[in-house]
Engineer: 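Take this structure, written in structure tokens, and hold onto it; I'll ask about it next.
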Protein chains: 2
Amino acid sequence: MTDVRIERLTPAPAYQAVSRTLERLIMSGQLKQGEALPSETELAGRFGVNRSTVREGIRQLEAQGLLRRDGRKRLLVSRPGQAELAPSASRAMLLEQVTFRELWEVALALEPLAAGLAAERHQHELLQRLEANLEETEAAIAAGRSMVALDTEFHSLVAAATLNRALILAREPIGLLLYPACQAIGPQLPQSGSGLVEAHRQVVAAIGRRDRTAATTWMAEHITDLRRAWELARLDPDGSPTAAGQPA
Amino acid sequence: MTDVRIERLTPAPAYQAVSRTLERLIMSGQLKQGEALPSETELAGRFGVNRSTVREGIRQLEAQGLLRRDGRKRLLVSRPGQAELAPSASRAMLLEQVTFRELWEVALALEPLAAGLAAERHQHELLQRLEANLEETEAAIAAGRSMVALDTEFHSLVAAATLNRALILAREPIGLLLYPACQAIGPQLPQSGSGLVEAHRQVVAAIGRRDRTAATTWMAEHITDLRRAWELARLDPDGSPTAAGQPA
DNA sequence: TCTGTCGGACTGTCGGACAAACCCGGCAGC
DNA sequence: GCTGCCGGGTTTGTCCGACAGTCCGACAGA
């Protein structure tokens, strides 16, 4: 037998042809952001297929965040953002049963970087939101409420302050799994809450005075603490961060 | 007027109900990996909706990589992998016109980490594939061929050798954009190819002798060189890595 | 000017239909 | 007994036609 590469001999289904064609039009810029598409009937006419087929193709792009419906009506082009991608990636990691250690290792690289860049580049509004988050976290601790959501938001805000979209996108799915996992098991460690908020405070302060080094080291310290807390709770670093946030 | 919170009153379309329900079944483990789903007709019967509606729901999950078709026939549950997620993320970054600097900053954090972890944990097979990649790259240089694909693969292999799936997933979309962008402009720098392959060689050697520190520093050096080359080519670090790989 | 009504356009959903591909069991041929 | 061909049932991909609900703009009335 020869080593001839045998192509998968399947005439791609029409609905995939539709979605791929539309995808190319969007990626090539011929369909611009926010622009409205023709109606399904007209698309069907132009593609020369049935409306049902067009709909199936549209569903795929919709699921990928390249298309959106505006209020049950017209279909418009949109770019997939964090809101679309991060949950997908988190889901994939959940299904793969990624371990705490794997998440933590990446976080230890990305979070300090984020804090450092945030210190260099942050804009006023993000700093305000970070400070607001800090206050809410303190209030939550005082009231004994869970601060899972606030902690997760804190790290997202730091990333947002870097203005680095690649970093934001790469970090978000990690945060979505790691922080809920830690905090969900956290209540067993009474003083862990105050340690956490103290670390957050230092990071925000360092970012506020544009001190990259301090922001980096405090964040690294914070992430290291996370692992210490995990081990103190007698949890296996190579175990799965179960019960993590499955966003709807 | 009162401040009563008025919810957006949109009864979710049935096709979304279908996809969300199936998604929950998959995520909760009631539908296991590789398991086959009932036929579309039967699903329609159980959900109490029309087959067309079921199909639209299925298309969404298919686009997210949670379902796959096995040879035109039965539909089976699958977990989305790198092959599904990385292109989506890359597309998103392309649409956002992420700059070279943004990608590079993240790469400078992730790639050395990957190299270091690979040195600690690599298994024999991956090292062999790295060495094969190295040879092919040398051959490509000697023949004057482009080594975009080989360079991209090199970094993917290093990440794979870490056995850290979170890292693999977070890094891949960056690599998919960054390396093609550099190399596509690289030919202007005649000696850059040999510098690149030399760096690769050092990284592979360090991984081979399980020297984490050396692997980390050599990779950091390599990524730094990338930026130097970019600037030598008189390209704006805050420009877009255009002409990058759009994986069809 | 504001309000109520009307017609057109579009989406979401439905039912039915058919060709092609595939799976499976049976049956002849060696 | 094994191989290879054949026919039927199942399932997907695609199409057609239809209808209710909703949205939008136009238009008449107060």
Side-chain angles (χ1 to χ4, degrees), chain A residues 1 6-26 31 34-78 84 248, chain B residues 1 6-23 25-26 31-32 34-78 84 248:
Chain A
M1 267 300 159
I6 303 285
E7 299 277 329
R8 187 165 219 66
L9 191 53
T10 45
Y15 68 89
Q16 278 188 21
V18 169
S19 71
R20 292 211 187 268
T21 304
L22 286 178
E23 178 187 332
R24 263 195 293 274
L25 286 179
I26 295 175
L31 287 175
E35 193 172 338
L37 262 66
S39 74
E40 295 177 354
T41 324
E42 187 172 344
L43 281 176
R46 292 206 208 170
F47 278 116
V49 299
N50 190 277
R51 187 162 79 102
S52 309
T53 306
V54 169
R55 296 188 113 242
E56 293 185 26
I58 285 177
R59 293 294 165 255
Q60 298 204 302
L61 298 180
E62 206 177 64
Q64 292 181 320
L66 285 173
L67 293 182
R68 278 188 117 81
R69 292 254 165 222
D70 186 31
R72 184 84 86 159
K73 245 334 198 198
R74 221 160 190 89
L75 194 64
L76 19 103
V77 180
S78 94
E84 312 278 348
Chain B
M1 271 300 155
I6 305 282
E7 298 278 329
R8 188 163 220 68
L9 191 55
T10 44
Y15 69 88
Q16 278 188 21
V18 168
S19 71
R20 294 217 184 264
T21 304
L22 286 178
E23 178 187 331
L25 287 179
I26 295 174
L31 288 175
K32 294 173 190 174
E35 194 171 337
L37 263 65
S39 74
E40 295 178 353
T41 323
E42 186 171 343
L43 281 176
R46 289 207 211 170
F47 278 115
V49 298
N50 191 282
R51 187 163 80 101
S52 309
T53 307
V54 169
R55 297 187 114 241
E56 293 186 25
I58 286 177
R59 293 296 164 256
Q60 299 206 298
L61 298 179
E62 206 177 63
Q64 293 181 322
L66 285 172
L67 292 182
R68 289 176 71 157
R69 294 252 167 226
D70 186 29
R72 180 87 87 160
K73 245 341 200 194
R74 221 162 190 86
L75 196 63
L76 24 98
V77 181
S78 94
E84 310 276 349

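Numbered from 1 within each chain, the chains take letters A, B, ... in sequence-line order.
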Engineer: Would you mind telling me which of C:dG12, C:dT13, D:dG13 lies closest to the side-chain atoms of B:Arg69?
Structural biologist: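 Side chain of B:Arg69 sits closest to D:dG13.
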Engineer: A:Arg74 CZ to D:dT22 P: how many Å, rounded?
Structural biologist: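 One finds 19 Å between P of D:dT22 and CZ of A:Arg74, rounded.
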Engineer: Walk me through it: do A:Phe47 and A:Thr53 pass the test side chain to side chain contact (heavy atoms under 4.5 Å, CB included)?
Structural biologist: CA-CA 10 Å; A:Phe47 278 116; A:Thr53 306; over 6 Å; no
Engineer: How would you list, by chain and number, every residue that makes a salt bridge (Lys or Arg N to Asp or Glu O under 4.0 Å) with B:Arg68, sequence neighbours excluded?
Structural biologist: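 Expected list: none.
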Engineer: For B:Ser39, does its backbone N or O pair with a side-chain atom of B:Glu42 as donor and acceptor, under 3.5 Å?
Structural biologist: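 No, the answer is negative, given that no donor and acceptor are paired below the 3.5 Å cut-off.
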Engineer: What is the separation between atom CZ on A:Arg59 and atom C1' on C:dG12, rounded to the nearest whole Å?
Structural biologist: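 Going from A:Arg59 (CZ) to C:dG12 (C1'), I get 8 Å.
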Engineer: Starting from P on D:dT14, measure out to CG on A:Leu43 and report it in whole angstrom.
Structural biologist: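 Roughly 16 Å, once rounded to whole Å.
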Engineer: Just to verify, which of A:Glu62, A:Arg59, A:Glu56, A:Gln60 counts as forming a side-chain hydrogen bond (donor to acceptor under 3.5 Å, both in side chains) with B:Gln60?
Structural biologist: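 The side-chain hydrogen bond (donor to acceptor under 3.5 Å, both in side chains) with B:Gln60 is passed solely by A:Glu62 among A:Glu62, A:Arg59, A:Glu56, A:Gln60.
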Engineer: For C:dG15, does OP1 or OP2 lie under 4.0 Å from any side-chain N or O of B:Asn50?
Structural biologist: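 True: B:Asn50 side-chain N/O within range (under 4.0 Å) of C:dG15 OP1/OP2.
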Engineer: Measure the distance from CD on B:Gln16 to C1' on C:dT13 and round it to the nearest whole Å.
Structural biologist: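 It is 14 Å, rounded to the nearest whole Å.
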Engineer: Base, sugar-phosphate, or nothing: which does A:Ser52 touch, judged by heavy atoms less than 4.0 Å apart?
Structural biologist: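 Base contact.
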Engineer: With B:Leu37, which of B:Leu61, B:Leu76, B:Ile58, B:Leu31 fulfils side-chain contact (heavy atoms from CB on, under 4.5 Å)?
Structural biologist: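 Only match with B:Leu37 under side-chain contact (heavy atoms from CB on, under 4.5 Å): B:Leu31.
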Engineer: So how far is it from A:Leu43 CG to A:Arg55 CZ, rounded to the nearest 0.5 Å?
Structural biologist: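 With rounding to 0.5 Å, CG (A:Leu43) is 11.5 Å from CZ (A:Arg55).
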Engineer: For A:Glu56 and C:dT13, what is the distance between atoms CD and P respectively, to the nearest whole Å?
Structural biologist: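 Going from CD in A:Glu56 over to P in C:dT13 covers 14 Å.
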Engineer: Output the rounded distance in Å from CZ (B:Arg55) to P (D:dT12).
Structural biologist: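 Roughly 8 Å, once rounded to whole Å.
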Engineer: Any side-chain heavy-atom pair from A:Leu25 and A:Val77 closer than 4.5 angstrom?
Structural biologist: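 Sidechains of A:Val77 and A:Leu25: no contact.
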Engineer: Ignoring backbone atoms, test whether B:Thr53 places a side-chain nitrogen or oxygen under 4.0 Å from the OP1 or OP2 oxygen of C:dG12.
Structural biologist: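 So the side-chain polar atoms of B:Thr53 never come under 4.0 Å of the phosphate oxygens OP1 or OP2 of C:dG12.
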Engineer: Considering only nitrogen or oxygen atoms on both sides, find all protein atoms under 3.5 Å from nucleotides 18-21 of chain D and state each distance.
Structural biologist:
residue, atom, partner, partner atom, Å
D:dA18, N6, A:Arg51, NH2, 3.3

Engineer: Between C:dG12, D:dT12, D:dT14, which nucleotide gets closest to the side-chain atoms of A:Glu40?
Structural biologist: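 Looking only at side-chain atoms, A:Glu40 lies closest to C:dG12.
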Engineer: If I take atom OH in residue A:Tyr15 and atom P in nucleotide D:dT14, what distance separates them, rounded to the nearest angstrom?
Structural biologist: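 Roughly 7 Å, once rounded to whole Å.
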